[in-house]
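Structure first, commentary second.
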Amino acid sequence: MEVDKDGTVTAQEEEIKSVLVDGKEFFGDDPKMATKNLPADIIDQVQIFDRKSDMAEFSGVDDGNEERTINLKIKEGKNKGYFGNVLGGIGTDNRFQSKANINRFSKNTQMSFLGMYNNINARGFSYSDYSDFMGGMRGGGSGRNSDVPLNYQDGDGLTKTGATGINFNREFSKKIDFQSSYFLTSITADIRDSTFSQNLLANSIYNSLSNATTETKSLAHKVNARLQIELDSTQRLLWITRASLSSANGATQTELQNLNNAEILENLGIGNFQSDRDKYNINSRVTYRKRLNSKGRNLVAQANYTRGQSDVLSNLLNDNTFFLEALPDSIQRINQRQVTDNSSNQYKLSLSYTEPLRNDFYLEMNAAQSNTNTDNAKDFYDILLLGNEDFNEELSSFYNRDYNEQTLGSNLRYAGEYLNASAGVSYQNSRLNGFLFDEMIEIKNNWNYFLPSLRLNYDINESSSVRVNYRTRINEPSLIQLQPIQDNSDPLNIQIGNPTLVPEYVHSASLRYRMFDQFSFTSFFTTFRATLRRDNIIDSTSINQFLVRTRTPINADYAFNLSNGTYYSRPINSLKTNIRLSSTINYNRSKVYVSGFNQ
């Protein structure tokens, strides 16, 4: 088991999607929460398995959709009553750390409280003492102790973090199960950053030197709730809601120098950027499942709603000096107050029906309708010499984006004892309606796609298996990418949108082989992944004589990625040690457009 620098947990070369405690979620769907906040001495086993989908568990028919999961089994006798731990420490340079958790578990209830405060770059509960926790566990799923190599830092700069969380799960009856959690996190960060980059153009080279100092403060609330009700032996209702509310403010001072290939200064930018942001997001999903009068005959209906809002108030003061033959030629000053408001509403309705055929074959038919409506308003005000403000009509904008999507599809599935496979295709119609009110520009597009998919799971024997997956999807351009409006937040790096963008068409394929010998504890895993993006969206960059870069998103022909991860492990009992070998190979091919030339 490993944890990378951003806290992602992997086991047997696969990312862990969720961690359960005695089969129940612990603080929502964050796989790092339970592993770093339960005392190690209460854990009896660590079980690593492929968790079947809710639909497969409900219908009794394996649909082949799996999620790599860890289940932490609590020791008998430890899953009742109160337990917890407290940690505190101080060090040089006024460094300190404090952390506590209190838990109360019973047969039908799990309650946990977490609290922490430190200035050692441990950001919240998702990045701290994983190693201490795992070191005391008895390996259950793998049959041996798990060593967790930690070789990462918890965020950039120097941070001070305070956080608290409450988790409450209760099984009110065999038919009603409720799970919930709440987080409050406060982070103060001080970051110093220096960068040197060399840029190769068609006929020249230029170098960039940048220094930045950033101070930020943020406060975030997060709520998760999950309610499952068994209406009767054939019907299940599931409600999941996640909400977040955050505020942040920050100040950044920057200095950027661009020098030509003769090391002569072409431009110098000195900037001061301050911003305050308030943001909230709420997502609620209701799923209804019905088993009909034959095994495998099911009806599933789902409704999903998401609402988001982001308000940003910024102040930009930037002085750019442009040089001619190493002497100052002109100075550009930008002093602005910028107000940006973004709001979005999204709903999605879906319906699927599965009909059993003969000899373990099933036919699934599905339909979905979704709509995303987004408003983006930017009001820019130039600050004059005496402190008065002048509304900047050229840079200000109000844009509405309405994106509709209808999908019809079917899948033929086989669910045998050792082989589980499905093949299907969906037809998707997408419509984009956008309107830029300031310029009275209307953007309308209509796209139609066929989206095939293929999945094959084959269990060779009890200790080895093969998984093959292929799917396609559409990535539509974002609101910012479509707006044909200049963004001068960084005056030496200007961004302009492109209303003619079309969606990316993405092919993804993977092949995985996994073997584990429970007698010799020998493990071997290898995974090949490939991604092909048609009409992939990239930035086309043009550079003028003063080395000012202007970026515009365009559709390129394609981008291709191929990767392989392989892992081998075997114990040497005579030496009381393990041999672990792993390799990662990654290949990327894509196009970059600079100054109008294809490099």
Side-chain angles (χ1 to χ4, degrees), residues 28-29 53-55 58 65 179-180 221-229 231 235-246 278-290 298-311 341-354 364-377 398-411 426-437 442-449 451 453 471-483 501-504 506:
D29 58 353
S53 68
D54 289 341
M55 187 63 208
F58 175 76
N65 294 315
Q179 301 174 22
S180 63
H221 306 261
K222 183 178 180 181
V223 177
N224 296 299
R226 183 183 190 274
L227 176 64
Q228 181 173 289
I229 302 175
L231 301 176
Q235 299 180 90
R236 175 182 294 175
L237 189 66
L238 176 65
W239 170 71
I240 296 176
T241 291
R242 308 187 192 281
S244 63
L245 174 67
S246 64
D278 294 303
K279 181 179 180 180
Y280 77 84
N281 183 272
I282 183 169
N283 171 263
S284 189
R285 183 175 81 243
V286 177
T287 304
Y288 170 78
R289 293 184 173 93
K290 170 69 175 176
N298 303 287
L299 180 68
V300 180
Q302 188 174 96
N304 194 317
Y305 176 74
T306 301
R307 165 74 182 174
Q309 177 78 33
S310 175
D311 301 321
D341 296 323
N342 290 281
S343 64
S344 64
N345 287 278
Q346 181 187 62
Y347 77 84
K348 182 175 181 179
L349 304 173
S350 63
L351 183 69
S352 70
Y353 173 78
T354 303
E364 178 196 0
M365 293 164 284
N366 55 76
Q369 159 74 37
S370 67
N371 173 266
T372 302
N373 189 277
T374 308
D375 288 326
N376 177 265
F398 177 62
Y399 185 78
N400 173 264
R401 173 183 178 270
D402 192 77
Y403 184 79
N404 285 278
E405 190 176 278
Q406 293 85 32
T407 305
L408 289 172
S410 64
N411 296 282
S426 296
Y427 168 75
Q428 179 176 302
N429 171 256
S430 304
R431 297 192 307 275
L432 172 66
N433 295 292
F435 195 81
L436 188 61
F437 288 89
E442 186 177 22
I443 302 172
K444 301 189 73 172
N445 282 303
N446 187 42
W447 302 289
N448 296 283
Y449 296 96
L451 304 174
S453 63
R471 70 185 187 97
T472 52
R473 69 180 189 277
I474 300 300
N475 290 339
E476 70 273 11
S478 69
L479 176 64
I480 301 299
Q481 290 173 326
L482 290 168
Q483 288 189 84
L501 290 174
V502 301
E504 296 180 334
V506 184

Heavy-atom check, side chain of [X] versus side chain of [Y], under 4.5 Å:
| X | Y | answer |
| --- | --- | --- |
| His221 | Tyr280 | no |
| Thr306 | Asn281 | yes |
| Pro477 | Glu504 | no |
| Leu299 | Leu351 | yes |
| Leu237 | Gln235 | no |
| Asp402 | Phe435 | no |
| Arg401 | Leu432 | yes |

* side-chain contact (heavy atoms from CB on, under 4.5 Å) assessment of Tyr403 paired with Gln346 -> CA-CA 9 Å; Tyr403 184 79; Gln346 181 187 62; over 6 Å; no
* Would you please test Glu364 and Asn366 for side-chain contact (heavy atoms from CB on, under 4.5 Å) and show each step? => CA-CA 7 Å; Glu364 178 196 0; Asn366 55 76; 3.9 Å; yes
Qualifying residues under ring pair (Phe, Tyr, Trp, His ring centres under 6.0 Å), relative to [X], sequence neighbours excluded:
| X | result |
| --- | --- |
| Tyr288 | none |
| Tyr347 | none |
| Tyr305 | none |

Are a donor atom and an acceptor atom from the side chains of [X] and [Y] found within less than 3.5 Å of each other?
| X | Y | result |
| --- | --- | --- |
| Gln406 | Asn404 | no |
| Asn224 | Arg242 | yes |
| Gln302 | Thr287 | yes |

What distance do [X] atom [atom1] and [Y] atom [atom2] have between them, rounded to the nearest 0.5 Å?
| X | Y | atom1 | atom2 | result |
| --- | --- | --- | --- | --- |
| Asn345 | Arg307 | CG | CZ | 4.5 Å |
| Ser426 | Arg471 | OG | CZ | 11.5 Å |
| Leu408 | Met365 | CG | CE | 11.5 Å |
| Arg236 | Leu231 | CZ | CG | 10.0 Å |
| Asn433 | Ile443 | CG | CD1 | 10.5 Å |
| Thr472 | Leu451 | OG1 | CG | 4.0 Å |

* Asked: Listed by chain and number, what are the side chain to side chain donor-acceptor pair (under 3.5 Å) partners of Thr241, not counting sequence neighbours?
  ->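 For Thr241 the side chain to side chain donor-acceptor pair (under 3.5 Å) partners, ignoring immediate neighbours, are Trp239, Ser284.
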* What's the verdict on side-chain contact (heavy atoms from CB on, under 4.5 Å) for Thr372 and Lys348, showing C-alpha distance, side-chain angles and the deciding distance? -> CA-CA 9 Å; Thr372 302; Lys348 182 175 181 179; over 6 Å; no
* Locate the shortest heavy-atom distance separating Asn445 from Leu501; write the atom from each residue and the value. =>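 Looks like ND2-O, 4.4 Å.
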* Structure fact -> Heavy atoms of Pro503 and Glu476 approach each other most closely as CB-CA, 4.0 Å
* To do: Test Leu482 against Tyr399 for side-chain contact (heavy atoms from CB on, under 4.5 Å), laying out the working first.
  => CA-CA 10 Å; Leu482 290 168; Tyr399 185 78; 3.9 Å; yes
* To do: Please identify each residue that fulfils side chain to side chain contact (heavy atoms under 4.5 Å, CB included) with Tyr427, with sequence neighbours left out.
  => Asn429, Asn448, Phe450
* **salt bridge (Lys or Arg N to Asp or Glu O under 4.0 Å) involving Glu405 - partner list, sequence neighbours excluded** => none
